[in-house]
Amino acid sequence: MSNSSFPNEFLLLPFADTRELQLLHFALFLGIYLAALLGNGLILTAIACDHRLHTPMYFFLLNLALLDLGTITTTVPKAMANSLWDTRAISSYGCAAQILFIFFFISAEFFLLIIMAYDRYVAICQPLHYGTIMDSRTCVNVAAATWGSTFLYAVLHTANTFSLPLCQGNALDQFFCEVPQILKLSCSDAYLREVGLLVVSACLAFGCFVFLVVSYVQIFRAVLRIPSQQGWHKAFSTCLPHLAVVSLFISTGLFAYLKPPSVSSSSLNLLLAVLYSVVPPAVNPLIYSMRNKELKDAVCKLVTGYFQNQ
(Lines give C-alpha, C1' and ligand atoms only; values in the text may rest on other atoms or scores of the structure.)
Protein backbone atom coordinates (compact mmCIF):
# COMPACT_ATOMS: atom_id res chain seq x y z
CA MET A 1 0.00 0.00 0.00
CA SER A 2 1.82 3.09 -1.20
CA ASN A 3 1.14 6.51 0.19
CA SER A 4 0.43 7.90 -3.26
CA SER A 5 -2.51 5.59 -3.95
CA PHE A 6 -3.73 4.57 -0.50
CA PRO A 7 -4.27 6.68 2.63
CA ASN A 8 -2.44 5.89 5.85
CA GLU A 9 -5.66 6.22 7.78
CA PHE A 10 -9.42 6.47 7.27
CA LEU A 11 -12.02 8.64 8.98
CA LEU A 12 -15.02 6.73 10.31
CA LEU A 13 -18.52 8.17 10.56
CA PRO A 14 -19.15 9.50 14.08
CA PHE A 15 -22.38 8.73 15.92
CA ALA A 16 -22.63 12.24 17.33
CA ASP A 17 -21.02 15.66 17.16
CA THR A 18 -21.53 16.84 20.74
CA ARG A 19 -19.44 15.50 23.62
CA GLU A 20 -22.48 14.54 25.70
CA LEU A 21 -23.94 12.39 22.91
CA GLN A 22 -20.55 10.80 22.25
CA LEU A 23 -20.33 9.71 25.89
CA LEU A 24 -23.94 8.47 25.73
CA HIS A 25 -23.04 6.41 22.65
CA PHE A 26 -20.00 5.03 24.48
CA ALA A 27 -22.14 3.98 27.47
CA LEU A 28 -24.82 2.43 25.23
CA PHE A 29 -22.30 0.41 23.21
CA LEU A 30 -20.50 -0.61 26.40
CA GLY A 31 -23.76 -2.01 27.79
CA ILE A 32 -24.54 -3.88 24.54
CA TYR A 33 -20.99 -5.25 24.34
CA LEU A 34 -20.99 -6.47 27.94
CA ALA A 35 -24.43 -8.07 27.40
CA ALA A 36 -23.09 -9.89 24.32
CA LEU A 37 -19.99 -11.06 26.19
CA LEU A 38 -22.07 -12.28 29.13
CA GLY A 39 -24.79 -13.99 27.08
CA ASN A 40 -22.50 -15.72 24.61
CA GLY A 41 -19.99 -16.54 27.35
CA LEU A 42 -22.72 -18.25 29.41
CA ILE A 43 -23.82 -20.28 26.39
CA LEU A 44 -20.24 -21.33 25.61
CA THR A 45 -19.57 -22.35 29.21
CA ALA A 46 -22.91 -24.13 29.66
CA ILE A 47 -22.49 -26.18 26.48
CA ALA A 48 -18.88 -27.04 27.29
CA CYS A 49 -19.62 -28.07 30.90
CA ASP A 50 -22.95 -29.90 30.53
CA HIS A 51 -22.54 -33.33 28.93
CA ARG A 52 -26.28 -33.40 28.07
CA LEU A 53 -25.62 -30.58 25.59
CA HIS A 54 -22.86 -32.43 23.74
CA THR A 55 -25.05 -32.94 20.67
CA PRO A 56 -24.74 -31.63 17.08
CA MET A 57 -27.32 -28.87 17.61
CA TYR A 58 -25.50 -27.45 20.62
CA PHE A 59 -22.09 -27.96 19.01
CA PHE A 60 -23.17 -25.67 16.17
CA LEU A 61 -24.72 -23.26 18.66
CA LEU A 62 -21.35 -23.09 20.43
CA ASN A 63 -19.73 -22.17 17.12
CA LEU A 64 -22.42 -19.54 16.54
CA ALA A 65 -21.69 -17.98 19.93
CA LEU A 66 -17.98 -17.80 19.07
CA LEU A 67 -18.77 -16.10 15.76
CA ASP A 68 -21.12 -13.64 17.46
CA LEU A 69 -18.37 -12.70 19.90
CA GLY A 70 -15.98 -12.21 16.99
CA THR A 71 -18.43 -10.07 15.01
CA ILE A 72 -19.24 -7.65 17.81
CA THR A 73 -15.59 -7.47 18.97
CA THR A 74 -14.48 -6.48 15.47
CA THR A 75 -16.58 -3.30 15.35
CA VAL A 76 -17.82 -2.17 18.76
CA PRO A 77 -14.59 -1.66 20.79
CA LYS A 78 -13.12 0.65 18.13
CA ALA A 79 -16.38 2.63 17.90
CA MET A 80 -16.40 2.95 21.69
CA ALA A 81 -12.78 4.12 21.76
CA ASN A 82 -13.42 6.71 19.06
CA SER A 83 -16.42 8.09 20.97
CA LEU A 84 -14.53 8.14 24.26
CA TRP A 85 -11.44 9.88 22.84
CA ASP A 86 -13.39 12.12 20.42
CA THR A 87 -11.66 10.90 17.27
CA ARG A 88 -12.68 9.41 13.93
CA ALA A 89 -9.39 7.93 12.76
CA ILE A 90 -8.54 4.30 12.09
CA SER A 91 -5.23 3.23 10.55
CA SER A 92 -5.23 1.58 7.12
CA TYR A 93 -4.03 -1.67 8.73
CA GLY A 94 -6.77 -1.45 11.35
CA CYS A 95 -9.27 -0.85 8.58
CA ALA A 96 -7.99 -3.87 6.65
CA ALA A 97 -8.28 -5.99 9.81
CA GLN A 98 -11.88 -4.85 10.33
CA ILE A 99 -12.83 -5.72 6.75
CA LEU A 100 -11.10 -9.09 6.98
CA PHE A 101 -12.74 -10.14 10.24
CA ILE A 102 -16.20 -8.69 9.60
CA PHE A 103 -16.30 -10.53 6.27
CA PHE A 104 -14.98 -13.69 7.93
CA PHE A 105 -17.33 -13.75 10.92
CA ILE A 106 -20.51 -12.69 9.09
CA SER A 107 -19.90 -15.09 6.17
CA ALA A 108 -19.14 -17.95 8.55
CA GLU A 109 -22.25 -17.15 10.59
CA PHE A 110 -24.44 -17.17 7.49
CA PHE A 111 -23.20 -20.60 6.37
CA LEU A 112 -23.35 -21.93 9.92
CA LEU A 113 -27.01 -20.91 10.13
CA ILE A 114 -27.63 -22.86 6.90
CA ILE A 115 -25.90 -25.91 8.41
CA MET A 116 -27.99 -25.56 11.57
CA ALA A 117 -31.14 -25.54 9.42
CA TYR A 118 -29.99 -28.78 7.77
CA ASP A 119 -29.30 -30.26 11.20
CA ARG A 120 -32.89 -29.47 12.28
CA TYR A 121 -34.18 -30.90 8.97
CA VAL A 122 -32.41 -34.22 9.53
CA ALA A 123 -33.43 -34.36 13.21
CA ILE A 124 -37.13 -33.86 12.45
CA CYS A 125 -37.59 -35.31 8.96
CA GLN A 126 -35.13 -38.23 9.19
CA PRO A 127 -34.85 -38.97 12.92
CA LEU A 128 -33.86 -42.63 12.46
CA HIS A 129 -30.81 -41.64 10.39
CA TYR A 130 -29.86 -38.59 12.48
CA GLY A 131 -27.09 -40.31 14.46
CA THR A 132 -25.51 -41.64 11.27
CA ILE A 133 -25.74 -38.47 9.18
CA MET A 134 -24.82 -35.97 11.92
CA ASP A 135 -22.16 -37.93 13.79
CA SER A 136 -19.47 -36.08 15.76
CA ARG A 137 -16.79 -36.43 13.07
CA THR A 138 -19.08 -35.01 10.40
CA CYS A 139 -20.02 -32.06 12.62
CA VAL A 140 -16.38 -31.22 13.34
CA ASN A 141 -15.42 -31.50 9.67
CA VAL A 142 -18.34 -29.31 8.56
CA ALA A 143 -17.55 -26.66 11.18
CA ALA A 144 -13.84 -26.69 10.29
CA ALA A 145 -14.66 -26.39 6.57
CA THR A 146 -16.95 -23.43 7.31
CA TRP A 147 -14.33 -21.59 9.36
CA GLY A 148 -11.50 -22.34 6.91
CA SER A 149 -13.31 -21.57 3.64
CA THR A 150 -14.89 -18.34 4.88
CA PHE A 151 -11.53 -17.12 6.22
CA LEU A 152 -9.94 -17.67 2.79
CA TYR A 153 -12.96 -15.94 1.23
CA ALA A 154 -12.44 -12.96 3.56
CA VAL A 155 -8.72 -12.82 2.74
CA LEU A 156 -9.56 -12.77 -0.99
CA HIS A 157 -12.01 -9.87 -0.62
CA THR A 158 -9.70 -7.90 1.67
CA ALA A 159 -6.65 -8.29 -0.57
CA ASN A 160 -8.68 -7.42 -3.66
CA THR A 161 -10.23 -4.34 -2.02
CA PHE A 162 -6.94 -2.99 -0.68
CA SER A 163 -5.19 -3.40 -4.02
CA LEU A 164 -7.41 -0.67 -5.50
CA PRO A 165 -6.05 2.87 -5.97
CA LEU A 166 -8.10 5.42 -4.05
CA CYS A 167 -8.49 9.08 -4.93
CA GLN A 168 -11.81 10.13 -3.38
CA GLY A 169 -10.44 11.06 0.03
CA ASN A 170 -10.40 8.88 3.13
CA ALA A 171 -13.77 9.58 4.81
CA LEU A 172 -16.06 6.54 5.17
CA ASP A 173 -19.83 6.81 5.52
CA GLN A 174 -19.94 4.11 8.20
CA PHE A 175 -18.80 3.60 11.81
CA PHE A 176 -16.54 0.70 10.79
CA CYS A 177 -14.65 -0.27 7.64
CA GLU A 178 -16.56 -2.31 5.06
CA VAL A 179 -15.96 -3.09 1.39
CA PRO A 180 -18.77 -0.96 -0.18
CA GLN A 181 -17.45 2.13 1.60
CA ILE A 182 -13.90 1.53 0.35
CA LEU A 183 -15.18 0.97 -3.20
CA LYS A 184 -16.81 4.41 -3.13
CA LEU A 185 -13.32 5.92 -2.77
CA SER A 186 -11.87 4.07 -5.76
CA CYS A 187 -10.82 6.09 -8.79
CA SER A 188 -10.37 3.35 -11.41
CA ASP A 189 -12.40 0.66 -13.13
CA ALA A 190 -10.49 -1.96 -11.14
CA TYR A 191 -13.22 -1.80 -8.50
CA LEU A 192 -15.47 -3.71 -10.94
CA ARG A 193 -13.39 -6.80 -10.15
CA GLU A 194 -14.44 -6.62 -6.50
CA VAL A 195 -18.03 -5.85 -7.51
CA GLY A 196 -17.97 -9.01 -9.65
CA LEU A 197 -16.79 -11.05 -6.66
CA LEU A 198 -19.57 -9.57 -4.53
CA VAL A 199 -22.17 -10.46 -7.18
CA VAL A 200 -20.93 -14.06 -7.34
CA SER A 201 -21.01 -14.19 -3.54
CA ALA A 202 -24.56 -12.83 -3.51
CA CYS A 203 -25.68 -15.52 -5.99
CA LEU A 204 -24.11 -18.22 -3.81
CA ALA A 205 -25.78 -16.75 -0.72
CA PHE A 206 -29.12 -16.69 -2.53
CA GLY A 207 -28.74 -20.37 -3.41
CA CYS A 208 -28.07 -21.14 0.26
CA PHE A 209 -31.10 -19.07 1.25
CA VAL A 210 -33.32 -21.09 -1.11
CA PHE A 211 -31.94 -24.28 0.48
CA LEU A 212 -32.80 -22.88 3.91
CA VAL A 213 -36.36 -22.03 2.88
CA VAL A 214 -36.89 -25.50 1.36
CA SER A 215 -35.51 -27.11 4.53
CA TYR A 216 -37.95 -25.22 6.72
CA VAL A 217 -40.89 -26.00 4.45
CA GLN A 218 -40.06 -29.70 4.86
CA ILE A 219 -39.57 -29.24 8.61
CA PHE A 220 -42.96 -27.59 9.14
CA ARG A 221 -44.68 -30.21 6.99
CA ALA A 222 -43.13 -32.93 9.14
CA VAL A 223 -43.99 -31.13 12.39
CA LEU A 224 -47.64 -30.76 11.37
CA ARG A 225 -47.82 -34.55 10.95
CA ILE A 226 -46.67 -35.14 14.54
CA PRO A 227 -49.74 -36.43 16.45
CA SER A 228 -48.82 -35.35 19.97
CA GLN A 229 -48.84 -31.77 21.24
CA GLN A 230 -45.66 -32.49 23.21
CA GLY A 231 -43.90 -33.44 19.97
CA TRP A 232 -45.06 -30.18 18.40
CA HIS A 233 -43.71 -28.19 21.33
CA LYS A 234 -40.31 -29.94 21.30
CA ALA A 235 -39.90 -29.46 17.54
CA PHE A 236 -40.92 -25.81 17.58
CA SER A 237 -38.79 -25.05 20.66
CA THR A 238 -35.65 -25.95 18.69
CA CYS A 239 -36.70 -24.59 15.28
CA LEU A 240 -38.36 -21.25 16.07
CA PRO A 241 -35.33 -19.68 17.84
CA HIS A 242 -33.13 -20.62 14.89
CA LEU A 243 -35.68 -19.24 12.44
CA ALA A 244 -35.87 -15.98 14.42
CA VAL A 245 -32.07 -15.61 14.40
CA VAL A 246 -31.89 -16.33 10.67
CA SER A 247 -34.68 -13.86 9.89
CA LEU A 248 -33.04 -11.08 11.92
CA PHE A 249 -29.62 -11.73 10.39
CA ILE A 250 -30.72 -11.96 6.75
CA SER A 251 -33.39 -9.24 6.73
CA THR A 252 -31.18 -6.54 8.24
CA GLY A 253 -28.19 -7.51 6.08
CA LEU A 254 -30.23 -7.57 2.86
CA PHE A 255 -31.85 -4.21 3.52
CA ALA A 256 -28.50 -2.68 4.45
CA TYR A 257 -26.90 -3.64 1.12
CA LEU A 258 -29.87 -3.77 -1.26
CA LYS A 259 -31.79 -0.66 -0.23
CA PRO A 260 -32.39 1.84 -3.07
CA PRO A 261 -30.02 4.83 -3.19
CA SER A 262 -32.99 7.18 -2.82
CA VAL A 263 -33.48 6.08 0.81
CA SER A 264 -29.80 6.14 1.71
CA SER A 265 -28.50 8.52 4.36
CA SER A 266 -25.74 8.54 6.96
CA SER A 267 -28.20 8.06 9.82
CA LEU A 268 -29.93 5.15 8.08
CA ASN A 269 -26.58 3.54 7.24
CA LEU A 270 -25.56 3.73 10.89
CA LEU A 271 -28.86 2.26 12.07
CA LEU A 272 -28.76 -0.65 9.62
CA ALA A 273 -25.12 -1.39 10.39
CA VAL A 274 -25.94 -1.56 14.09
CA LEU A 275 -28.92 -3.83 13.36
CA TYR A 276 -26.94 -6.44 11.41
CA SER A 277 -23.53 -6.27 13.12
CA VAL A 278 -24.24 -5.30 16.75
CA VAL A 279 -27.78 -6.31 17.70
CA PRO A 280 -27.74 -10.03 16.61
CA PRO A 281 -24.68 -11.00 18.71
CA ALA A 282 -26.32 -9.38 21.74
CA VAL A 283 -29.82 -10.85 21.35
CA ASN A 284 -29.02 -14.30 19.90
CA PRO A 285 -28.26 -15.81 23.35
CA LEU A 286 -31.60 -14.50 24.63
CA ILE A 287 -33.50 -15.85 21.62
CA TYR A 288 -31.97 -19.32 21.93
CA SER A 289 -32.40 -19.62 25.69
CA MET A 290 -36.00 -18.32 25.86
CA ARG A 291 -37.70 -21.40 24.32
CA ASN A 292 -34.99 -24.01 24.81
CA LYS A 293 -35.55 -25.66 28.20
CA GLU A 294 -32.35 -27.73 28.11
CA LEU A 295 -30.16 -24.71 27.47
CA LYS A 296 -32.07 -22.56 29.95
CA ASP A 297 -31.65 -25.22 32.67
CA ALA A 298 -27.94 -25.57 31.93
CA VAL A 299 -27.36 -21.80 32.14
CA CYS A 300 -29.38 -21.55 35.38
CA LYS A 301 -27.42 -24.45 36.85
CA LEU A 302 -24.17 -22.77 35.87
CA VAL A 303 -25.15 -19.42 37.41
CA THR A 304 -26.56 -20.86 40.65
CA GLY A 305 -23.51 -23.11 41.03
CA TYR A 306 -21.23 -20.10 40.68
CA PHE A 307 -23.03 -18.08 43.37
CA GLN A 308 -23.25 -21.05 45.73
CA ASN A 309 -19.49 -21.49 45.55
CA GLN A 310 -18.84 -17.84 46.46
Exercise. Would you check if the side chain of Gln98 reaches a backbone N or O of Cys177 as a donor-acceptor pair within less than 3.5 Å?
Key: yes
Quiz item: What do you reckon, is CG of Asp17 surrounded by more than 12 foreign heavy atoms closer than 6.0 Å?
Solution: no
Quiz item: Rounded to the nearest 0.5 Å, how far apart are CZ of Phe105 and CG of Leu67?
Solution: 7.0 Å
Self-check item: Cluster check Val122, Val214: I/L/V/M/F/W/Y, side chain < 4.5 angstrom
Solution: no
Practice problem: Side-chain contact test, heavy atoms from C-beta onward, threshold under 4.5 Å: evaluate it for Phe29 versus Val274 and give yes or no. | Solution: yes
Practice problem: Hey, could you give me the CG/CD1 distance between Leu212 and Ile115, rounded to the nearest 0.5 Å? | Solution: 11.5 Å
Practice problem: Supply the atom-to-atom distance Leu166 CG to Leu183 CG, rounded to the nearest 0.5 angstrom. | Solution: 9.0 Å
Quiz item: Where is the tightest heavy-atom contact between Ala36 and Ala282, given as atom of each residue plus distance?
Solution: CB-CA, 3.9 Å
Quiz item: Going hydrophobic residue to hydrophobic residue with side-chain gaps under 4.5 angstrom, can you get from Leu44 over to Leu38?
Solution: yes
Self-check item: Heavy-atom pair with the smallest gap, counting every atom of Ala46 and Leu53
Solution: O-CD1, 3.9 Å
Quiz item: Out of curiosity, does Leu295 fall in the hydrophobic cluster containing Val303 (side-chain heavy atoms, cut-off under 4.5 Å, transitive links)?
Solution: yes
Exercise. Say whether Phe211 and Tyr216 are linked into one hydrophobic cluster, either directly or through other cluster members, by side-chain heavy-atom distances under 4.5 angstrom.
Key: yes
Quiz prompt | Nearest atoms (heavy-atom pairs only) where Cys139 meets Met134 | solution = SG-O, 3.8 Å
Quiz prompt | Side-chain heavy-atom pair Ile43, Leu62 within 4.5 angstrom cut-off | solution = no
Quiz item: Got a donor-acceptor contact below 3.5 angstrom from the Ser163 side chain to the Asn160 backbone?
Solution: yes
Quiz item: Can you tell if the side chain of Asn284 reaches within under 4.5 Å of the side chain of Glu109, non-hydrogen atoms only?
Solution: yes
Self-check item: Heavy-atom side-chain contact between Cys95 and Ile182 under 4.5 Å
Solution: yes
Quiz prompt | Worked check of side chain to side chain contact (heavy atoms under 4.5 Å, CB included) between Ile133 and Thr138 | solution = CA-CA 8 Å; Ile133 297 174; Thr138 299; over 6 Å; no
Quiz item: Where do Thr150 and Ala108 come nearest, in terms of heavy atoms and distance?
Solution: OG1-CB, 3.4 Å
Quiz item: Would you call Asp135-Arg137 a salt bridge at under 4.0 Å N-O?
Solution: no
Practice problem: Report yes or no: does Thr304 contribute a side-chain atom to a donor-acceptor pair with the main-chain N or O of Lys301 at less than 3.5 Å? | Solution: yes
Practice problem: With side chain to side chain contact (heavy atoms under 4.5 Å, CB included) as the test, would you mind laying out the steps for Arg19 and Asp86 before giving the verdict? | Solution: CA-CA 8 Å; Arg19 189 61 184 149; Asp86 191 19; 3.6 Å; yes
Quiz item: Please walk me through it: do Phe10 and Leu185 pass side chain to side chain contact (heavy atoms under 4.5 Å, CB included)?
Solution: CA-CA 11 Å; Phe10 292 92; Leu185 306 180; 3.9 Å; yes
Quiz item: With a 6.0 Å cut-off on ring centres, are Tyr58 and His54 close enough?
Solution: no
Quiz item: Any side-chain heavy atom of Ile90 within less than 4.5 Å of one from Leu11?
Solution: no
Quiz item: So which heavy atom on Cys208 is nearest to which on Phe110, and how close?
Solution: CB-CE2, 3.8 Å
Quiz item: Do the rings of His25 and Phe15 sit parallel, tilted or perpendicular, given the 30° and 60° boundaries?
Solution: parallel
Exercise. Answer yes or no: does atom OH of Tyr153 have more than 12 heavy-atom neighbours from other residues, nucleotides or ligands under 6.0 Å?
Key: yes
Self-check item: OG1 on Thr158 to CD1 on Ile102, rounded to 0.5 Å
Solution: 11.0 Å
Quiz item: Taking C-beta and beyond as the side chain, do Thr73 and Phe101 meet within less than 4.5 Å on heavy atoms?
Solution: no
Exercise. Report whether Tyr118 and Phe206 are members of the same hydrophobic cluster (ILVMFWY, side-chain heavy atoms less than 4.5 Å apart, transitive linking).
Key: no
Self-check item: Atom of Asp119, atom of Pro56 and distance for their closest heavy-atom approach
Solution: OD1-CB, 3.6 Å
Quiz item: How long is the gap from CD on Glu178 to NE2 on His157, to the nearest 0.5 Å?
Solution: 13.0 Å
Quiz item: Just wondering, do Ile32 and Ile72 contact through their side chains at under 4.5 Å, heavy atoms?
Solution: yes
Quiz item: Taking the side chain as C-beta and beyond, is there a heavy-atom pair between Asn63 and Thr146 under 4.5 Å?
Solution: no
Quiz item: Going from CE on Met57 to OH on Tyr130, what distance comes out if it is rounded to the nearest 0.5 angstrom?
Solution: 7.5 Å
Practice problem: Determine, step by step, whether Phe59 and Ser136 satisfy the side chain to side chain contact (heavy atoms under 4.5 Å, CB included) criterion, reporting the C-alpha distance in whole Å, the side-chain angles of both residues, the deciding distance to 0.1 Å, and the verdict. | Solution: CA-CA 9 Å; Phe59 171 74; Ser136 58; over 6 Å; no
